[in-house]
2 protein chains.
Amino acid sequence: MSDCAQCVVRNRAICSGLSPDELLALGQKGRKQTVKRGQTLVWEGDDSLVVANVITGVLKLSVSTADGREQIVGIVFPSDFIGRPFGKESPYSVTALSDAEVCVFHRSTFDQFAREHPELQHKLLQRTLIELDDARQWMMLLGKKTAEERIATLLLRISERLSSDGCTGPTLNLDEFELPMDRQQMADILGLTIETVSRQLTRIKSSGVIELPDRRRVVIHDRQALLDLAEAA
Amino acid sequence: MSDCAQCVVRNRAICSGLSPDELLALGQKGRKQTVKRGQTLVWEGDDSLVVANVITGVLKLSVSTADGREQIVGIVFPSDFIGRPFGKESPYSVTALSDAEVCVFHRSTFDQFAREHPELQHKLLQRTLIELDDARQWMMLLGKKTAEERIATLLLRISERLSSDGCTGPTLNLDEFELPMDRQQMADILGLTIETVSRQLTRIKSSGVIELPDRRRVVIHDRQALLDLAEAA
DNA sequence: TCGCTTTCTTGACCTAGGTCAATGATGCCG
DNA sequence: CGGCATCATTGACCTAGGTCAAGAAAGCGA
């Protein structure tokens with residue numbers, strides 16, 4: 001890794017609390033890697049050899065049953081952290097949903113560095129706690145919400161997440177965005193089938209709350225209505 | 001708190017890495033509290049004022065929708081940690097499923113102590129990472145598993161968790177245990193209704209894989225068969 | 001621009017699990 | 001004990017969402 005000081009996610013990634021020389025030390029241990037859409041960086045059950053920061057792109061975390069059912073258990077955006085520090089096996093696969101750039105570390109190297117730098121470990125803890133809160137919110141969605149509520153919730157979450165990325169670029173319009181995934185992947189996140197996702201999207205579209213100019217693009221016309229559809233906590 | 005050195009969970013709780021004098025310092029900041037079955041220690045959305053270690057008993061973490069649907073997003077056993085350090089609001093309620101004893105700290109006091117003791121923070125991080133892995137396994141269950149698979153998975157998980165508690169007592173029989181929750185709570189964990197839970201339990205019982213001597217008691221006759229029913233990752 | 005492939009939508013039908021309503025157990029307190 | 005309240009089971013029925021099967025619409029390489 002050459003220059004962390006120029007990194008587009010330097011203010012939001014876990015590196016952000018480090019002093020300039022710590023940053024340099026950590027930076028020397030990492031390397032930038034590009035990942036093509038569809039490429040899997042880590043396989044479920046494999047030894048967890050790497051961790052990484054996401055610089056650009058979107059990736060999914062997924063687990064599968066023996067008979068091939070897949071559940072997406074997390075979506076990872078720029079500035080997010082990937083991988084399972086302090087653990088031998090990765091409990092999920094990490095796969096790119098779009099072309100992506102990540103900043104990769106050997107897990108053992110990173111683990112050691114983290115243990116020697118409490119500030120980094122604290123950042124990691126904070127982030128993990130937030131991820132846990134998110135995962136639990138998602139458990140509520142998967143356990144108790146209707147298909148329509150799930151779709152509405154997902155659209156809102158993605159729109160929030162994508163717009164909050166814009167700290168280096170111009171402020172993005174919260175109400176118009178590109179889905180970083182196809183219908184099947186939406187289904188795998190929401191615990192639904194692709195047909196149900198499609199049907200609910202057309203339903204919400206017909207009601208005028210959203211518009212779908214093309215497969216990936218979403219325009220939210222009435223955010224309050226969408227919030228009402230998403231209901232709940 | 002008087003005597004951490006005698007604490008029954010001292011070897012497994014997050015305190016376990018601390019030196020004797022650190023333990024003493026932390027111990028002086030905490031206090032033992034009993035919680036009655038059904039009593040709520042922390043409310044969803046409230047300011048998160050306390051964190052705690054569970055000494056005895058079982059508690060649930062739950063989130064609710066505006067219209068009263070409840071999802072249990074975590075079950076907490078002795079030696080587990082409760083609460084949301086480094087965060088203002090608790091994203092879930094914490095309620096006792098049985099009478100329980102917990103060792104409570106003011107959140108801000110605990111936060112500060114943790115920041116000053118990297119070893120404690122590391123333990124907390126490790127534990128949070130495991131909880132996150134568990135939550136994600138549960139997302140798979142909620143998103144993709146059938147009612148029968150869910151029930152089988154829950155029974156196995158509880159039996160593992162209860163038997164691993166026995167580090168101070170005699171080794172408990174893994175295959176016979178008391179459910180720390182009623183049918184409604186099982187339903188709320190599994191994203192099912194009470195009727196479905198009941199039906200699936202009788203189905204599995206009829207097949208001879210388990211026995212249900214009374215409301216709470218479970219005997220696993222054929223663990224492998226139960227594993228097969230639980231299937232998946 | 002033309003095929004070819006992949007993705008998405010839509011329709012017809014089915015089923016796992018939800019809902020509603022009794023009925024049966026099991027406490028528990030007097 | 002005996003009467004009530006809680007909890008669990010069971011049955012009959014219903015429905016949200018799954019399954020299966022066509023199409024329709026994009027993307028894309030030549």
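Reminder, nothing fancy here: chain letters follow the sequence lines and each chain counts from 1. Worth saying up front: this structure is predicted, and the values here are computed from it rather than measured.
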Inset, instruction - Send over the distance from A/Arg216 CZ to C/dT7 C1', rounded to a whole Å. - result: 10 Å
Inset, instruction - Please name all residues satisfying ring-ring contact (aromatic ring centres under 6.0 Å, His included) with B/Phe110, sequence neighbours left out, ordered by chain then number. - result: B/Phe81, B/Phe105
Inset, instruction - Rounded to the nearest angstrom, tell me the gap between atom CZ in A/Arg215 and atom P in C/dT9. - result: 8 Å
Inset, instruction - Sort and list the pairs that fulfil salt bridge (charged side-chain N to carboxylate O under 4.0 Å, His left out) and have at least one residue in residues 218-227 of chain A, not counting sequence neighbours. - result: A/Asp175-A/Arg223
Inset, instruction - Grab the CG-P distance between A/Leu201 and C/dT10 for me, whole Å please. - result: 10 Å
Inset, instruction - Quickly work out the A/Lys205 NZ to C/dT9 C1' distance and round it to whole Å. - result: 9 Å
Legend entry - A/Glu178: side-chain hydrogen bond (donor to acceptor under 3.5 Å, both in side chains) partners, not counting sequence neighbours: A/Arg217
Legend entry - Terminal axes of the helix from C/dT1-D/dA30 to C/dG30-D/dC1 (five pairs each): angle between them, nearest 10 degrees: 50°
Legend entry - Whole angstrom value for the distance that separates C1' of C/dT7 from CE of A/Met186: 14 Å
Inset, instruction - Apply side-chain hydrogen bond (donor to acceptor under 3.5 Å, both in side chains) to B/Thr196 and list each qualifying residue two or more places apart in sequence or on a separate chain. - result: B/Thr193
Inset, instruction - Could you tell me the separation between the CD atom of A/Gln184 and the C1' atom of C/dC8, rounded to a whole number of Å? - result: 11 Å
Legend entry - Nearest listed nucleotide, side chain of B/Thr202, among D/dA25, D/dC7, D/dT10: D/dT10
Could you pull out the protein-nucleic contacts involving nucleotides 17-19 of chain D (nitrogen or oxygen on both sides, under 3.5 Å)?
| from | atom 1 | to | atom 2 | distance (Å) |
| --- | --- | --- | --- | --- |
| D/dG17 | OP1 | A/Ala147 | N | 2.9 |
| D/dG18 | OP2 | A/Thr193 | N | 3.3 |
| D/dG18 | OP2 | A/Thr193 | OG1 | 3.0 |
| D/dG18 | OP2 | A/Thr196 | OG1 | 2.5 |
| D/dT19 | O4 | A/Arg199 | NH2 | 2.7 |

Legend entry - Length of the CD-C1' vector between A/Gln185 and C/dT7, whole Å: 11 Å
Legend entry - Protein-nucleotide distance (B/Leu179, atom CG; C/dT26, atom P), rounded to Å: 15 Å
Legend entry - Contacts of B/Ser93 that satisfy side-chain hydrogen bond (donor to acceptor under 3.5 Å, both in side chains) - sequence neighbours left out: none
Inset, instruction - Report which part of the nucleic acid A/Arg183 touches: base, sugar-phosphate, or nothing (heavy-atom distance under 4.0 Å, all strands). - result: sugar-phosphate
Legend entry - Donor-acceptor side-chain pairing of B/Lys144 and A/Thr65 below 3.5 angstrom: no
Inset, instruction - Please collect all salt bridge (charged side-chain N to carboxylate O under 4.0 Å, His left out) contacts where either partner lies in residues 126-137 of chain B, sequence neighbours excluded, each pair once. - result: A/Arg84-B/Asp133, A/Glu131-B/Arg136, A/Arg136-B/Glu131, B/Asp80-B/Arg127
Inset, instruction - Quick one: which residue pairs count as a salt bridge (charged side-chain N to carboxylate O under 4.0 Å, His left out) with a foot in residues 199-215 of chain B, not counting sequence neighbours? - result: B/Glu148-B/Arg203
Legend entry - Sidechain N-carboxylate O distance under 4.0 Å for B/Asp99, B/Arg37: no
